[in-house]
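Before any comments, here is the structure.
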Amino acid sequence: MQPAADGRGTGTVLVLADSLSFYGPRGGLPADDPQIWPNRVGAAVGRPVDMFARIGWTSRDIWWAVTQDPRIWAALPHADVVVLAYGGMDSLPSPLPTALREQIRYLRPSGLRRRVRGVYGWLQPRLSPLGWPLALPPQVSVRYYEKVRSAIAQLRPGLPIVVALPPTHASPYYGFAHPGRIPTTAAIAEWAAAHGLPTVDFYPITAEHFSDPGTEMNPDGIHWGLRTHAAIADAVAPVVGDQLR
């Protein structure tokens, strides 16, 4: 175990993630909910968890958070290990520009906003099976992953980093299409291997659970049930534990 930088002896598991880290079968859960996978991992390895996550975050959003959120700056000195658990949003089809979707909330008046959102919601699942473009191309995703890794390495040399590989989805909002997962996963895995970073593949568990009618998943087809959170934690905890030895 590495001592925490502040001398407390036991540091934290710092998780940088998207909404798959805190959404359950019926919506978002508080960051301290013991049922979500980051807190299950923390309990398994005997560490408190600092989680920074938001719905829709891509690797680009994570990089912006790392450079702009002072809470992350405050949390990093206390971390014993960092888990990078994002990339799923990067791999989703985005036939309409992501920037367009993000700007809809700012449209006025409200009637125009509702109409534009409705058109976007109608087009997205119908165009998604085209598989192009992605929310972020794999080479761009990896560029942001490296920015995050490099920043952490500069501030905390030798701090262990664990990388999650993207899960899948079964969402009608994306036309049940996910052709970007394989190239995105391959690019992230290659980058992680080049830097000697251990990985945990979220795909097998999520593929199995989305195809199993007996597993309660969120009706949106993107977020998970609590059984999936538990299974993901069971996969992540041993890898995190190895980094703490």
Side-chain angles (χ1 to χ4, degrees), residues 16-23 25 27-28 53-65 84-107 113-148 163-192 199-212 215 217-225 228 232:
L16 302 177
D18 54 27
S19 58
L20 294 175
S21 63
F22 64 89
Y23 258 63
R54 187 171 175 178
I55 191 167
W57 267 4
T58 64
S59 57
R60 178 170 53 197
D61 297 298
I62 295 287
W63 168 241
W64 287 342
L84 306 183
Y86 50 89
M89 285 299 300
D90 299 42
S91 70
L92 291 177
S94 185
L96 298 174
T98 302
L100 172 62
R101 182 193 68 212
E102 293 175 346
Q103 295 303 311
I104 291 175
R105 71 179 77 179
Y106 301 112
L107 290 177
R113 183 172 65 251
R114 286 192 295 270
R115 288 194 294 273
V116 172
R117 183 174 286 125
V119 171
Y120 186 97
W122 187 86
L123 288 172
Q124 176 74 22
R126 289 163 175 81
L127 297 178
S128 287
L130 296 174
W132 182 90
L134 302 181
L136 284 181
Q139 66 272 21
V140 175
S141 295
V142 166
R143 193 178 309 151
Y144 284 112
Y145 271 85
E146 176 55 20
K147 285 176 177 286
V148 171
V163 180
L165 300 179
T168 191
H169 71 86
S171 177
Y173 301 111
Y174 291 93
F176 302 98
H178 201 185
R181 183 193 65 81
I182 292 176
T184 299
T185 297
I188 296 171
E190 182 179 1
W191 164 81
T199 60
V200 183
D201 193 351
F202 284 10
Y203 172 75
I205 293 169
T206 54
E208 176 185 348
H209 287 194
F210 274 122
S211 65
D212 180 2
T215 301
M217 303 293 266
N218 192 297
D220 66 11
I222 298 173
H223 297 101
W224 310 332
T228 307
I232 291 291

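Basis for what follows: all heavy atoms, side chains included, without hydrogens, waters or symmetry-related copies.
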**side-chain contact (heavy atoms from CB on, under 4.5 Å) assessment of Thr228 paired with Thr215** = CA-CA 8 Å; Thr228 307; Thr215 301; 4.0 Å; yes
**Asked** Would you find a donor on one side and an acceptor on the other, under 3.5 Å apart, between the side chain of Thr206 and the backbone of Thr168?
**Response** yes
**Asked** Got a second to check how far Leu16's CG is from Ser21's OG, nearest 0.5 Å?
**Response** 10.0 Å
**Request:** Could you tell me which non-hydrogen atom of Ala164 sits nearest to which non-hydrogen atom of Tyr145, and how far apart they are?
**Result:** O-OH, 4.4 Å
**Message:** I'd like to know if the side chain of Asp220 reaches the main chain of His223, judged simply by a donor and an acceptor atom lying under 3.5 Å from each other, with no hydrogens or angles considered.
**Reply:** yes
**Message:** When you measure from the side chain of Asp18 to the backbone of Ile55, do you find a donor-acceptor pair of N or O atoms at a distance under 3.5 Å?
**Reply:** no
**Minimum side-chain heavy-atom gap Val200-Val163 below 4.5 Å** = no
**Prompt:** Have Asp212 and His209 got a donor and an acceptor in their side chains that come within less than 3.5 Å?
**Reply:** no
**Message:** For Gly180, is there any backbone N or O sitting under 3.5 Å from a side-chain donor or acceptor partner on Ser91?
**Reply:** no
**Enclosure of Arg54 CZ (heavy-atom neighbours >12, cutoff 6.0 Å)** = no
**Prompt:** Around Glu190, counting heavy atoms of other residues, nucleotides and ligands shown, do more than 12 lie under 6.0 Å from its CD?
**Reply:** no
**Non-hydrogen side-chain atoms of Val148 and Ile62 separated by less than 4.5 Å** = yes
**Request:** Over all heavy atoms of both residues, which pair between Pro166 and Thr185 is shortest? Give the atoms and the distance, please.
**Result:** CD-OG1, 3.5 Å
**Asked** Roughly how far apart are Ser19 OG and Trp57 CH2, rounded to 0.5 Å?
**Response** 11.0 Å
**Item:** Side chain to side chain, Trp63 and Arg60, heavy atoms closer than 4.5 Å
**Value:** no
**Prompt:** For the rings on His169 and Tyr174, is their centre-to-centre separation under 6.0 Å?
**Reply:** yes
**Request:** Would you name the heavy atoms of Ala187 and Val142 that are closest together and state the gap between them?
**Result:** O-CG2, 3.5 Å
**Prompt:** Any side-chain heavy atom of Leu165 sitting closer than 4.5 Å to one from Tyr203?
**Reply:** no
**Request:** For the residue pair Met217 and Pro25, establish whether any side-chain heavy-atom pair is separated by less than 4.5 Å.
**Result:** no
**Prompt:** Counting N and O atoms only, with roles assigned by atom type, does the side chain of Thr184 sit under 3.5 Å from a partner on the main chain of Arg181, one being a donor and the other an acceptor?
**Reply:** no
**Message:** Take a 6.0 Å sphere around CD1 of Ile182 and say whether it holds more than 12 heavy atoms from other residues, nucleotides or ligands.
**Reply:** no
**Prompt:** Would you say the side chain of Trp224 lies within less than 4.5 Å of the side chain of Leu20, judging by non-hydrogen atoms?
**Reply:** yes
**Message:** As an exercise, state the distance from NE2 of His178 to CZ of Phe210, rounded to the nearest 0.5 Å.
**Reply:** 10.5 Å
**Item:** Side chain proximity check, Tyr86 to Thr58, heavy atoms < 4.5 angstrom
**Value:** no
**Asked** Looking at Gly88 and Pro167, what are the two nearest heavy atoms and their distance?
**Response** CA-CD, 4.2 Å
